Amino acid sequence: MVMSKPIACSRMYNLSPRIRSLWDALFALVSLRSGVELEIIAHAAPAPLSELWTRPDMGAVFMCGYPFSRMPEGFRPAALAAPVSNEAWSLDQPFYASHILVASTGPVNAVADLAAARWGWTVRDSQSGYHAARSFLAGQFAGKMKPSMTVGPLLNPSGIVAALKDGRIDAGAIDAYAFQLLSMHERDAIDGLRILATTDPLPAPLLVAAQTLPANIATALQRSLAMLHETPEGAAALERLGLRRFSPVAPSAYDVLPQRADDADRRLGISW
């Protein structure tokens with residue numbers, strides 16, 4: 001039987017054709033340096049991410065930490081590495097955060113206004129686009145949130161941005177690293193929006209491989225990712241994506257995410 005090529009996919013951060021081309025170039029370099037021939041795919045929206053994350057041919061695929069942490073240990077994909085952004089909110093660790101975005105000329109002018117804002121959310125199994133916002137609100141307004149209209153699912157950061165720009169929502173949370181990529185390469189996409197607040201840094205989305213991927217192949221990909229910043233070509237590819245390096249991560253680091261989400265549900269007192 002001929003084994004198919006392992007796939008690589010940056011769907012979580014495929015924010016535009018230009019940004020995707022930078023990820024494709026990085027994956028091509030990982031493929032070259034690891035000796036593992038990867039098939040680089042888009043798995044473009046609106047194809048469900050959940051379908052991508054159950055593929056048996058995953059080689060290096062971005063996965064949100066929240067659904068990863070909710071999977072039984074025996075069914076989780078293999079963790080390869082997570083990105084380390086060069087932005088301050090990363091704390092020079094494989095962390096990310098969410099930015100609470102509002103329209104520059106919209107009705108929300110201060111954090112206090114968020115208690116009654118019309119919120120947009122991406123999908124309910126998203127840490128950055130759903131649970132991070134609810135944890136933030138629970139910390140600010142526990143037991144004091146006013147029931148309000150919410151809009152979702154908006155699927156991804158682009159959906160939040162579009163809803164803010166056309167006035168369907170007053171506030172929404174997006175992955176701070178996604179915002180960084182838009183700031184670097186698609187500045188027009190976020191014109192008219194501003195960051196009102198930034199949530200706590202937490203373990204970043206990680207690159208995963210299928211459990212069924214042969215161990216030597218997964219190890220070669222992991223090593224290539226971890227050493228990418230040590231070569232001029234790799235460092236340049238990372239810099240174009242606003243990254244310092246990829247760092248190995250322990251699956252147990254993500255256990256904090258469902259704990260925080262469950263706590264926010266209890267403290268917030270309202271559902272979306």
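Keep in mind that this is a model prediction, so the values were computed, not measured.
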Could you walk me through whether Arg267 and Asp263 satisfy the salt bridge (charged side-chain N to carboxylate O under 4.0 Å, His left out) test, starting with their C-alpha distance in whole Å, then the side-chain angles of each, then the deciding distance to 0.1 Å, before giving a yes or no? CA-CA 6 Å; Arg267 296 172 64 202; Asp263 178 67; 3.5 Å; yes

For [X], does the [atom1] atom have more than 12 heavy-atom neighbours from other residues, nucleotides or ligands under 6.0 Å away?
X	atom1	answer
Glu37	CD	no
Arg33	CZ	no
Glu230	CD	yes

Value rounded to 0.5 Å, distance of [atom1] in [X] from [atom2] in [Y]:
X	Y	atom1	atom2	value
Leu26	Leu225	CG	CG	7.5 Å
Gln140	Ser135	CD	OG	12.0 Å
Leu15	Trp23	CG	CH2	10.0 Å
Leu181	Ser16	CG	OG	8.5 Å
Leu38	Ile217	CG	CD1	9.5 Å
Ser69	Arg260	OG	CZ	12.0 Å

If you compare all heavy atoms of [X] against all heavy atoms of [Y], which two are closest, and at what distance to 0.1 Å?
X	Y	answer
Ala82	Pro205	CB-O, 3.7 Å
Cys9	Ile41	SG-O, 3.6 Å
Leu164	Gly172	CD2-N, 4.4 Å
Asp166	Ala163	OD1-O, 3.0 Å
Phe136	Ala197	CZ-CB, 3.6 Å
Leu182	Ala189	CD2-CB, 4.3 Å

Evaluate the criterion salt bridge (charged side-chain N to carboxylate O under 4.0 Å, His left out) for residue pair Arg244 and Asp92; output intermediate values, then yes/no. CA-CA 8 Å; Arg244 297 189 191 279; Asp92 197 32; 3.4 Å; yes

Taking side chain as C-beta onward, heavy atoms only, is [X] less than 4.5 Å from [Y]?
X	Y	result
Ile19	Met184	no
Gln127	Leu202	yes
Val151	Met149	yes
Leu228	Leu29	yes
Ile7	Arg55	yes
Asp175	Tyr13	yes
Leu52	Leu49	yes
Ser90	Tyr96	no

Tabulate below the donor-acceptor pairs under 3.5 Å that side-chain atoms of residues 98-114 make, not counting sequence neighbours, or state none.
| residue | atom | partner | partner atom | Å |
| --- | --- | --- | --- | --- |
| Ser98 | OG | Ser128 | O | 2.8 |
| His99 | ND1 | Thr198 | OG1 | 2.9 |
| Ser104 | OG | Gly192 | O | 3.1 |
| Asp113 | OD2 | Asn109 | N | 2.8 |
| Asp113 | OD2 | Ala110 | N | 3.1 |

In terms of hydrophobic clusters joined by side-chain contacts under 4.5 Å, are [X] and [Y] together?
X	Y	answer
Trp53	Met71	yes
Val208	Val84	no
Leu206	Met227	no
Ile174	Met12	yes
Leu257	Trp121	no

Counting N and O atoms only, with roles assigned by atom type, does the side chain of [X] sit under 3.5 Å from a partner on the main chain of [Y], one being a donor and the other an acceptor?
X	Y	result
Ser224	Ala220	no
Asp170	Ala117	no
Ser31	Phe27	no
Glu87	Gly242	no
Thr150	Gly120	no

Starting from the C-alpha separation in whole Å, work towards a yes-or-no answer on side-chain contact (heavy atoms from CB on, under 4.5 Å) for Phe179 and Ile190. CA-CA 8 Å; Phe179 188 88; Ile190 52 174; 3.7 Å; yes

Given the rule in the salt bridge (charged side-chain N to carboxylate O under 4.0 Å, His left out) test, do Arg76 and Asp255 qualify, once you have shown the distances and angles that lead to the verdict? CA-CA 12 Å; Arg76 288 179 180 175; Asp255 292 344; 3.3 Å; yes

CA sep, side-chain torsions, deciding dist, call: Asp125, Tyr130, side chain to side chain donor-acceptor pair (under 3.5 Å): CA-CA 7 Å; Asp125 65 350; Tyr130 183 80; over 6 Å; no

I'd like to know whether Leu22 forms a side-chain contact (heavy atoms from CB on, under 4.5 Å) with His185, so could you lay out the CA-CA distance, the side-chain angles of the two residues, the decisive distance to 0.1 Å, and finally the verdict. CA-CA 10 Å; Leu22 296 175; His185 300 295; 3.4 Å; yes

If you apply the rule side chain to side chain donor-acceptor pair (under 3.5 Å), what do you find for Asn86 with Gln180, and how did you get there? CA-CA 10 Å; Asn86 58 23; Gln180 178 187 357; 2.9 Å; yes

Step-by-step side-chain contact (heavy atoms from CB on, under 4.5 Å) determination, Asp57 to Lys5: CA-CA 7 Å; Asp57 56 351; Lys5 299 175 186 176; over 6 Å; no

For Tyr254 together with Phe68, are the ring centres under 6.0 Å from each other?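 Yes.
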
Taking the six-membered ring of Phe62 (Phe, Tyr or Trp), confirm whether the NZ or CZ of Arg11 is under 6.0 Å from its centre and within 45° of its axis.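 Not satisfied by the 6.0 Å and 45° rule.
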
Tell me, please, whether Trp272 has Arg124 positioned over its six-membered ring: NZ or CZ under 6.0 Å from the ring centre and within 45 degrees of its axis? no

Trace of the salt bridge (charged side-chain N to carboxylate O under 4.0 Å, His left out) decision for Lys165 with Asp191: CA-CA 9 Å; Lys165 286 193 168 189; Asp191 279 352; over 6 Å; no

Taking Asp262 first and then Arg266, would you say they form a salt bridge - that is, a charged N and a carboxylate O separated by under 4.0 Å? no

side-chain contact (heavy atoms from CB on, under 4.5 Å) between Leu221 and Leu213, intermediate numbers included: CA-CA 11 Å; Leu221 290 169; Leu213 194 71; 4.2 Å; yes

